[in-house]
Structure formats: C-alpha cells, structure tokens
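Just below is one structure, and these are the notes that go with it.
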Amino acid sequence: MKVGIVCYPTFGGSGVVATELGLELSKRGHEIHFITYSQPVRLELLSNNVHYHEVTVPEYALFLYQPYELALSSKLVDMVKLHKIDILHVHYAIPHAYAAYMAKKMLQEEGIYIPIVTTLHGTDITLVGSHPFYKTAVAFSINKSDAVTSVSESLKEDTLRLFDIKKEIDVVPNFIDIDKHHNHFTDCQRGMMAEDNEKIITHISNFRKVKQIPDVIKVFYNIQKAMPAKLMMVGEGPERESAELLCERLGIIDKVIFFGNSNEIDKILCFSDLFLLPSITESFGLAALEAMASGVPVISSDTGGIPEVNSHGVSGFLSSVNDVEDMSKNAIHILSDPERLLEFKRNAKEASKRFDIHEIVPQYEKIYEDTLQKCMVI
Ligand code: GMT
C-alpha cells in the first residue's frame, strides 16, 4: 500500500507516533510518504520506501497568518497524483483533517478517490479543537473522514461528548517498540548524572501548562527531602524558565538538570528510577509508556487516558490532578525500598508489553484495508 502520512514534525506525542508508525509500516513492505513542513524529528533514515515531502508556505506580507492548510492541501493533491498514493492518514485533526478533506475534494474533480483516515491525539480535541472558534470545522473534518481513530477510550469518550460526531471511532492505542527499549546499553552512564546513592527522577514533556510542571518540581522537592535524589527535566517549552526559577527559589537547582530537547530519551530513561507525569489532562501519555518500556515506574495523575496506560499499584501510582502530597508519598514508597523499586521496575516493563508495536500497527493496516475496500464499493 502507498500511505501518505500527515503529522506535526516536532518533538511531541502525535508526531512521534506518526513517525514510528510510518517507519514500522515501511518495514512491513508499505511505501510511506511523510508530508509536513519539516522532516519529523524521529525520521532519521529515508529509504526507497520512506519519503519526505516538504510543505512550504511562502511568506507574503499581506497575510497576517500564512495559510498553511492551503499549501498543505495543494501539496497533498500533487503528491497523491505524482506517487499514486492509495490512502492518507492524518494525525491531529487541526488543520490536517481539514486540509485532507479539501485535497480529497480537489482530487475528486479529477476522478481520483483518496480515502482519509484521521487519528485524534488529544489536544486537537480536548484543549484546542473544542474551542468555539474551531469546533465547527473540527467536527466537520472528523465527520468527513472515511475512518476515525483515537489513541484511548478516554479520548473517544471526550470526542463524543464535546462534538456532534456521526462517525464510528476506533480506539487504536499508541504503541512502543519493546525491542528498542530492552536495556541494550551496557553502560547507562548513570555515574555522569548522579552519585550511586542518589535516585534519579525524570520528567519528559514539551513544558506546556497542561504538563503541570510546578507539580513535577514540588514532588521532587519532597522526594529529595526524604532521600538523596536528582531530577532530570527533558524537553523545551513555555514553562521551562519559570520551572528553573522555582527550582532556584526552593534551593534545589543544583539537584536538577534541564536537558532541553533530546534525541537520547532512551539513554536518559535507561538510568532513571522513577518517571513523573502529573498532567492536568493527557489523552494517552506516550512519555509514560516510553518510561515503562524502559523499566521505569510512573507516578502520574489519574486524568484522561493515563489510567489505560499506568496501572495503579502495579506499574506505578495514580493520584488526583494537583495532589502533590499523594504523589510524593507514592514516589517515596516506591523509591525507599530497593526490593519494591525492583518489583515496580519489572512490572512497568511487563505492563508496557500490551502496547507492543507488533500488536498495534496491524490494527492500522486493517483499518486501511477496510477503508479502501469500503471506498471501492462506493
Ligand atoms: O503532550 C503533548 O502536549 C503533545 C501532544 C501532541 O499532540 O502531540 O500529545 C498528545 O498526543 C500524544 C500521542 O497520541 C499523547 O500521548 C498525549 O497524551 C497527548 N497530549 C495530551 O493529551 C495533552
């Protein structure tokens, strides 16, 4: 099959999922065309069945906002025709599903039928998409897709609650390549980050408000009062500066490392003892799954799709959003007993196996096949 994948190319869940999906599909013999405004960060290797087509939006002074969806829909039309793409899989409704629908209509004028699969990732529904300024167009694009998937049951429920949706939504959870996360590092270089007696706590995100960064720091503050510990803060975003200031104010800045964006997530997770994800909302929590696959237990909030990933008392613990005291208590409970920590690490790894890439990607293949079949009948 020739699949066109549209996604955000930046560090962030939906782009990572789309890229890993494309790469796995290419290994399974499909021809993949990534169509976006820059090369996705996890897309290192292009090959004869993995292609990248850049969408460029020429700057024009008259426009206050440059019309990306216009450029994207034109590019989609051109690429579908040039490469004879069979199906478009768009990740994130805004504006990808909308642009894909426009492309589909333009292609129809030329007698070409291109089915669209839309995958909802979270903020396109819960935070941005449901805003009155976008809602009508988002609902329209979802309803006009040939197939719709969401990354968790919770996101499916949110979508049905917030929008008037007439389409069936299939839940296809996010996934992880378990083999990649088998600690293949003989030396995690833990010694470069912390002393032997120090526990390593990690948080990875795009440092947006929704990630509740102050709670990450407050939980760590309580942990380091109870035992020697270091905090690894990985990622870049609007909350980073205030996070550094909070660490300084609490007198813990020398125990916290701010890495910025990193392509070495698996190395950092390899030496981590605990992962913190206290988000206000999270449709899935891919970062938590990546941590679990590396054998790192998770202390998280119990919001959105996180409980579908992190099992309370097994792979870590869940607490109400903002309940820093409960999160701290649970973290210290896991970290204070070496035997218990080991058990949680083992459990976390085991629990991540439910999301093995080899189990999940065939679900997308099936959706593509069924959608193509249905469209042929029409
Ligand atoms: O977490 C983010 O802020 C990035 C965001 C995105 O759209 O890329 O992530 C969303 O999609 C991920 C992949 O499906 C999910 O794992 C994240 O939970 C989800 N983020 C939110 O719902 C806040």
Side-chain angles (χ1 to χ4, degrees), residues 188-262 264-265 267-280 282 285 287-288 290-292 294-303 306 310 312 315-338 340-341 344-345 348:
C188 278
Q189 296 177 325
R190 193 186 197 281
M192 282 170 64
M193 297 297 155
E195 302 296 329
D196 281 353
N197 66 335
E198 287 176 318
K199 292 287 182 279
I200 298 185
I201 321 301
T202 299
H203 171 77
I204 304 173
S205 77
N206 50 16
F207 285 59
R208 289 189 299 145
K209 270 236 163 345
V210 69
K211 302 295 169 180
Q212 199 64 3
I213 302 293
D215 286 0
V216 173
I217 294 165
K218 289 180 203 161
V219 172
F220 174 71
Y221 178 75
N222 290 336
I223 295 173
Q224 60 83 45
K225 279 198 293 186
M227 66 190 74
K230 283 266 167 67
L231 175 63
M232 311 283 133
M233 296 290 271
V234 186
E236 205 51 76
E239 295 291 298
R240 174 169 169 176
E241 209 178 304
S242 51
E244 292 194 43
L245 286 173
L246 180 58
C247 292
E248 261 170 36
R249 200 157 55 73
L250 293 172
I252 53 170
I253 194 74
D254 55 325
K255 296 183 181 180
V256 185
I257 301 173
F258 285 87
F259 284 89
N261 282 330
S262 171
E264 299 201 302
I265 299 297
K267 266 196 192 158
I268 296 167
L269 290 172
C270 166
F271 53 62
S272 300
D273 294 302
L274 197 71
F275 188 81
L276 301 180
L277 192 68
S279 306
I280 297 168
E282 200 73 62
E290 292 192 319
M292 285 161 56
S294 291
V296 184
V298 174
I299 294 294
S300 68
S301 45
D302 60 0
T303 180
I306 302 181
N310 184 21
H312 188 70
S315 56
F317 285 104
L318 300 157
S319 307
S320 305
V321 174
N322 274 151
D323 195 343
V324 168
E325 286 316 308
D326 195 54
M327 291 183 202
S328 308
K329 185 186 84 202
N330 291 334
I332 293 166
H333 173 73
I334 294 180
L335 292 169
S336 56
D337 177 346
R340 194 181 297 134
L341 176 58
F344 270 93
K345 284 187 173 199

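Model, not experiment: these values are computed from the prediction.
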Give me the atom names and distance for the closest heavy-atom approach of A288 to V298. O-CG2, 3.8 Å
How many angstroms lie between atom OG of S328 and atom CD1 of I223, to the nearest 0.5 angstrom? 6.5 Å
For the residue pair F317 and H333, categorise the inter-ring angle as parallel (less than 30°), tilted (30 to 60°) or perpendicular (more than 60°). perpendicular
What residues form a side-chain hydrogen bond (donor to acceptor under 3.5 Å, both in side chains) with K218, not counting sequence neighbours? none
For F220, what residues pass the ring-ring contact (aromatic ring centres under 6.0 Å, His included) criterion, not counting sequence neighbours? none
Under the rule for side chain to side chain contact (heavy atoms under 4.5 Å, CB included), what residues qualify as partners of E239, not counting sequence neighbours? F207, K209, I213, S242
Report the distance from atom CD of E290 to atom CG of L269, rounding to the nearest 0.5 Å. 7.0 Å
Salt bridge (Lys or Arg N to Asp or Glu O under 4.0 Å) filter on E195, not counting sequence neighbours, yields none
If I compare all heavy atoms of S315 with all of A348, which pair ends up nearest, and what's the gap? CB-CA, 3.8 Å
In this structure, which one of I201, I204, I299 forms a side chain to side chain contact (heavy atoms under 4.5 Å, CB included) with F275? I204
Residues in side-chain hydrogen bond (donor to acceptor under 3.5 Å, both in side chains) contact with D337, at least two apart in sequence or another chain: none
Contacts of type side chain to side chain contact (heavy atoms under 4.5 Å, CB included), residue D326, not counting sequence neighbours: S319, D323, K329, N330
Going by salt bridge (Lys or Arg N to Asp or Glu O under 4.0 Å), name the pairs with one or both residues in residues 196-207, residues two or more places apart or in two chains. E198-K230
For D254, check side chain to side chain contact (heavy atoms under 4.5 Å, CB included) against everything at least two apart and list the hits. none
Can you name the nearest heavy-atom pair linking D273 to V296, along with the distance? C-CG1, 3.8 Å
Look at the side chain of T303 and the backbone N and O of I280, then say whether any donor-acceptor pair between them is shorter than 3.5 Å. yes
Any donor-acceptor N/O pair, S262 side chain to E264 backbone, under 3.5 Å: yes
Can you measure from OG (S301) to NZ (K211) and round to the nearest 0.5 angstrom? 9.5 Å
How would you list all residue pairs meeting salt bridge (Lys or Arg N to Asp or Glu O under 4.0 Å) that involve residues 242-253, not counting sequence neighbours? R240-E244
Excluding sequence neighbours, so at least two apart, what forms salt bridge (Lys or Arg N to Asp or Glu O under 4.0 Å) with E241? none
Considering all heavy atoms of both residues, which atom of P278 and which atom of M327 are nearest to each other, and what is their separation? CB-SD, 3.7 Å
If the condition is side-chain hydrogen bond (donor to acceptor under 3.5 Å, both in side chains), which residues does T202 pass it with, not counting sequence neighbours? S272
Spacing of H203 atom NE2 and L276 atom CG [to the nearest 0.5 Å]: 8.0 Å
Which heavy-atom pair separates N261 from E236 by the least distance, and what is that distance? OD1-N, 3.3 Å
How far does OG of S300 sit from CD of E282, to the nearest 0.5 angstrom? 9.5 Å
Atom CD1 in I200, atom CD1 in I268: separation rounded to 0.5 Å? 10.5 Å
Considering residues at least two apart in sequence or located in another chain, which fulfil the side chain to side chain contact (heavy atoms under 4.5 Å, CB included) criterion with P238? R208
